[in-house]
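Below you'll find the structure, written out as structure tokens, and then a few comments.
The shown structure was predicted, so the numbers you read here are calculated from the model rather than taken from an experiment. Scope of the values below: all heavy atoms of this structure, side chains included, with no hydrogens, waters or symmetry mates. Letters go in sequence order (proteins before strands), and every chain restarts at 1.
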Amino acid sequence: MSRYWLLKSEPGVFSIDDLQAAPNQTTSWEGVRNYQARNFLRDGMQVGDRAFFYHSNATPPGIVGVVEIVRAGYPDHTAFDPASRYYDPKSDPAHPTWFMVDVRLVQKFPRIISLDELKRTPGLENMLVIRRGMRLSVQPVTETEWQIVLGLVGSADRPV
DNA sequence: GCCAACGTTGGC
DNA sequence: GCCAACGTTGGC
């Protein structure tokens, strides 16, 4: 089972700065409404696993930091709340459809590792996030990919 | 704002 | 179970 993940968020909805400002720099990762992503949240992630925080629909899109899973999958209660933007009447508290985890900020990177840079980095050719049309908002990351990306953080972006 | 890619819905 | 229509995602 993967120990490393990537979590997408639109910074206009919830950014890494929002996480940094949150109590204990911790938040529930709510609102995932895709079955494949749900399965990773419910069955894959374990306490202590780490994940890249990725800004989608951003300028530029890219990885902006690292979070740690501090609570494993549990029912996403926003699905039960008619006032929530994530409300889903098909999810029943007795048999929840949707799950979430809790994450805590580990590090905000000193610079964004842009999608473009990821695409240009040797060894990341198979990373899911760079695939065209890849919409999955919770993705496994291999240990090799994890280490390569961390290695980019302390260096300058390479010329194209 | 555009639109390709993808997931979901629902008629049959 | 098929698949067209529709809605969403997300890079550009």
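Between the CG atom of Leu115(A) and the P atom of dC12(C) there is a distance of 6 Å, given to the nearest Å. For the pair Arg85(A) CZ and dT9(C) C1', the computed distance is 13 Å after rounding to whole Å. A straight line from NE2 of His55(A) to P of dG11(C) spans 12 Å, rounded to a whole angstrom. Atom CG of Asp116(A) is separated from atom C1' of dC12(C) by 12 Å (rounded to the nearest Å). Here the P atom of nucleotide dG11(C) and the CD1 atom of Ile112(A) are 10 Å apart, to the nearest Å. In this structure, CD1 of Ile130(A) is placed 11 Å from P of dC12(C), rounded to the nearest angstrom. Regarding Arg33(A), its CZ atom lies at a distance of 14 Å from the P atom of dT8(C), rounded to whole Å. The distance from atom CD1 of Ile63(A) to atom P of dG10(C) is 14 Å, rounded to the nearest whole Å.
With distances taken from any side-chain atom of Lys8(A) to the nucleotides dG10(C), dC12(C), dT9(B), the minimum falls on dG10(C). In this structure, the nucleotide among dG10(C), dC12(C), dC6(B) sitting nearest to the side chain of Arg135(A) is dC6(B).
Between the Arg85(A) side chain and the Thr78(A) main chain, no donor and acceptor come within less than 3.5 Å of each other.
Summarising the geometry of Leu118(A) relative to Val149(A), their closest heavy-atom pair is CD2-CG2, 4.0 Å, with the distance given to 0.1 Å.
Two residues, Gly133(A) and Asn57(A), neighbour DNA chain B, and the one matched to the more 5' nucleotide by heavy-atom proximity is Asn57(A).
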Practice prompt. Could you give me the CA-CA distance, side-chain angles and deciding distance for Trp98(A) and Tyr35(A), then say whether ring-ring contact (aromatic ring centres under 6.0 Å, His included) is met?
Written response: CA-CA 8 Å; Trp98(A) 306 115; Tyr35(A) 286 99; 4.7 Å; yes

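With salt bridges taken as basic N to acidic carboxylate O contacts below 4.0 Å, one links Arg33(A) and Asp76(A).
Between dT9(C) and Tyr54(A), no contact under 4.0 Å exists linking OP1 or OP2 to a side-chain N or O.
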